[in-house]
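Comments concern the structure below.
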Amino acid sequence: MVVIEEFTGIHCGYCPQGHTTAEAIHASNPDSVIIVNIHTGSFAAPSAGEPDFRTPYGTAIASQSNLTGYPVATVNRHVFSGLSMTSGGTAMSRSNWTQAANTIFPQTSYVNVAVRCTVDVQTRIASVHVQAYYTGSSSQNTNKITLALLQDKTYGPQSGGSNPYEHNHRLVDMLAGQWGADISTTSAGSLYDSIYTYQIPADLNSIPIELGNIKFAAYVSETQQEIISGAVAHPVYVNFPNARDLSINELDLPEISCTGEETPKIEVQNLAQDTIFNFTIAYNFNNATDSVYNYTGTLLPFGKTTIQLPAYSFALSPTNNFQAIITDINGSGLDDNQNNDTITQTVEQAKTAHPKIIIEVRTDAYASETKWYLRYANGTMLAFKTSGFSNSTIHRDTINVQSSGCYEFQITDAFGDGLMSPGYYKITDGNGQIIVHQTNFNSDEEFTPFEVDTYLSIQENSINSLNVFPNPTKDIVNVAFFLDKKKDVKCIVYNQQGKIVAENNYGTLHGNNTLQINTDGFSTGIYYIRLIAGETQLSKKISVLK
């Protein structure tokens, strides 16, 4: 067996390339490779608010490898002449891992290693059975057997990677200590046979240990260096509290909607002993008619799946409430635990802006890490700034948007810790309306959607206090405003495709006015009311809900 101990860190920009290299070796030899990702060194040190993936064991393992950079790895803790970073060291750069692994694969091993385990779901007690059978004799009278708890699918930051990044094969704990337990008889025909009982904590370093994502690796070494062989096993889970328990874990849905049409993503997990083959989810916005999604597949115990729900159109209100609920499992109705069957989220209506957009960024002490982008809703780039920032300086850029529609502002931080205080970013429009003002952010990127109406003029004194109500509406909408001078007034109503659906001339008006527009013949959706008073035009967005 090839055992790749990879030394990595969340602030190591090239470490994702190391992860990819190790995964490729495993993919080519899935039954012959064990990967152990060890977070250690300065690149693994978390910034404020970041997870700490380090363990008490990483520093010592890294030190004996004689590493001189990251990412690096050892392959069976063997010294490969010509491949090592330092003379006599076991650490190698990622370009040499495949060659080293290919050297190990054809070699025979004098010891066969096996591991299997059961986990009691309710008590979180793991029983790990480890055996090492010697088909030949070791050159050492005493060997070591290491038993490592590893965790897959731990999500967190990673320089050079996506956000959030999926960390796999992460070393969490060592059940037999830093260098493992002694095997005192290492001659041919001898058998090491031991059962380790381990209480799996709910978390370590405040990072949850999810039972469905763990595995145990065992490997035998000569002293604390040369690894001979090993094995890895996923647990068998027993003693579930429920026969059927499907949980909605996560909801991926924008916090702000511009279009009134969203496609939520939902992660569900099987937390019970029965395999789930089908289930049904009902979902809606604002307590409207449910849409129903039917899943068909195979979801094993602790298995997870992410579902992209079909698009759902709804009439936008200032605040919009989304709800999804599991309504059936395996064709037998509700499950045994209904406390985790529902998930909700509030979605705000995007602000409507004048087409003059002012982007203001106050950089922190690391201005070179900052970039921003302004895109159309379809992803087409409108404007961006990826250089030219100075440290601790206010930068302002003005973009005159030519087309009405939805837009998205994205600001990123290359290091992953956001704009630190007193840094901030702010977007205002030509009327001084603040679209977003974020004093700082502690991740590698943030998004803000908003809408631009090119017919929204700079507000003048001739039209004051423009208000539309009720909004959402069903059959009548009122348009209230004040004119300080006599003006010829007209209202035009457009749908989202820009087509005129209603147009009314009201003659000359002055002072306080309330006009009524009949929306009884409109379909459910988003519309734009443009009030034209002389040379002045103002717009408001309304939602029609039937």
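Side chains are part of it too, since the values below use all heavy atoms of this structure and drop only hydrogens, waters and symmetry mates.
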Please check this pair: side chain of [X] against backbone of [Y], looking for a donor-acceptor N/O pair closer than 3.5 Å.
X: E23; Y: G18; answer: no
X: D328; Y: G333; answer: yes
X: T263; Y: A311; answer: no
X: N205; Y: I207; answer: no

Checklist entry - Hey, mind stepping through N37 and T8 against side chain to side chain donor-acceptor pair (under 3.5 Å) and telling me if it holds? => result CA-CA 7 Å; N37 279 2; T8 187; 5.8 Å; no
Next on the checklist: Going by side-chain contact (heavy atoms from CB on, under 4.5 Å), I248 matches just one of T342, I325, V268, N340. Which one?
Outcome noted: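 Option passing the side-chain contact (heavy atoms from CB on, under 4.5 Å) with I248: V268.
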Could you pull out all residues at least two apart from [X] that satisfy side-chain contact (heavy atoms from CB on, under 4.5 Å)?
X: F384; result: Y373, M381, T386
X: N213; result: Q151, K153, E210, K304
X: A324; result: I266, I281, Y283, F322, I343
X: C117; result: V128, F216, P235

Checklist entry - Which pairs pass disulfide (SG to SG under 2.5 Å) with one or both residues in residues 245-338, sequence neighbours excluded? => result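 Only C258-C406 qualify under disulfide (SG to SG under 2.5 Å).
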Next on the checklist: Enumerate the disulfide (SG to SG under 2.5 Å) contacts for residues 282-326, please, sequence neighbours excluded, ordered by first and then second residue.
Outcome noted: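 Sorted result for residues 282-326: empty, none.
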Item to check | Test ring-ring contact (aromatic ring centres under 6.0 Å, His included) applied to Y134 and Y192, step by step | outcome: CA-CA 9 Å; Y134 284 80; Y192 173 86; 9.0 Å; no
Next on the checklist: For the aromatic rings, using the six-membered ring if either is Trp, is the centroid distance between Y155 and Y165 under 6.0 Å?
Outcome noted: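 Aromatic pair excluded; centres sit 6.0 Å or further apart.
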Next on the checklist: Taking the ring of F43 and the ring of F7, is the distance between their centroids below 6.0 Å?
Outcome noted: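 Centroid distance F7-F43: not below 6.0 Å, so no.
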Checklist entry - Between E5, E6, K215, which is the residue that forms a side chain to side chain donor-acceptor pair (under 3.5 Å) with H169? => result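 Among the candidates, only K215 passes.
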Return the set of residues passing side chain to side chain donor-acceptor pair (under 3.5 Å) with [X] (not counting sequence neighbours), or none when no residue passes.
X: D341; result: none
X: E262; result: S257
X: Q273; result: none
X: K371; result: none

In terms of relative ring orientation, are [X] and [Y] parallel, tilted or perpendicular, with 30° and 60° separating the classes?
X: Y407; Y: Y376; answer: tilted
X: H39; Y: F53; answer: perpendicular
X: H437; Y: Y424; answer: perpendicular

Next on the checklist: If only side-chain N and O atoms count, and only distance matters, is there a donor-acceptor pair under 3.5 Å linking S332 with N330?
Outcome noted: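 There is no such pair (donor and acceptor under 3.5 Å, judged by atom type) between the side chains of N330 and S332.
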Next on the checklist: Going by the rule salt bridge (Lys or Arg N to Asp or Glu O under 4.0 Å), which residues pair with K541 if we only count those two or more places apart in sequence or in a different chain?
Outcome noted: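 Counting only residues at least two positions away or on another chain, K541 forms a salt bridge (Lys or Arg N to Asp or Glu O under 4.0 Å) with E451.
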Checklist entry - So which pairs with a foot in residues 315-327 pass side-chain hydrogen bond (donor to acceptor under 3.5 Å, both in side chains), sequence neighbours left out? => result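 Checked against side-chain hydrogen bond (donor to acceptor under 3.5 Å, both in side chains) - neighbours excluded - the pairs reaching residues 315-327 are N286-N320, N321-T346.
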Checklist entry - What do the steps show when you test F285 against Y312 for ring-ring contact (aromatic ring centres under 6.0 Å, His included), and what is the final call? => result CA-CA 8 Å; F285 275 91; Y312 189 104; 5.7 Å; yes
